[in-house]
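Step one of this worksheet: look at the structure below.
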Amino acid sequence: MLKDLLNGYCTQKEILSWYNANLSYVVLPKGIYGFVFNYKGIYNIIVNKNLSQYKRRRIIIHELAHIELDHLVQYNKDLFAFFIQDYEDEADRYIKEILK
Ligand SMILES: [Zn+2]
């Protein structure tokens, strides 16, 4: 699905609804770009409101990679995945792999 988004075959809105995900723009402390968590079966993607349009999109794609790679299911649901460096790397590698 993320592949379809990156290749322009589906919209951000479609992929969010596919994954049962909500997207919110929130004022976050400087240096925190965004994170994702699962609450009662719904993914919540939180993105720092102060970021540029370009960075926002990059963060959304990154958080969607966590969802697609099941990172939030493998650990406990309250996990804020951006704390786990291995998962960070895997998410970024996955996006790079798709973009090849
Ligand atoms: Zn992350």
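Counting convention: from 1, in listed order, for ligands and their atoms alike.
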Got a sec: is E88 within less than 2.8 Å of the Zn ion (ligand 1) via an N/O/S atom?
yes

Spacing of Y25 atom OH and I60 atom CD1 [to the nearest 0.5 Å]
3.5 Å

Would you check if the side chain of N48 reaches a backbone N or O of I32 as a donor-acceptor pair within less than 3.5 Å?
yes

The reported gap from CG in L6 to CD1 in I95 (rounded to nearest 0.5 angstrom) is 7.0 Å

Considering just N/O/S atoms, say which atom of H62 is closest to the Zn ion (ligand 1).
NE2

Distance check below 2.8 Å: does H71 bring an N, O or S atom to the Zn ion (ligand 1)?
no

To make sure I understand the geometry: which N, O or S atom in H66 is closest to the Zn ion (ligand 1)?
NE2

Inter-residue atom distance E90.CD - E97.CD, 0.5 Å rounding:
11.5 Å

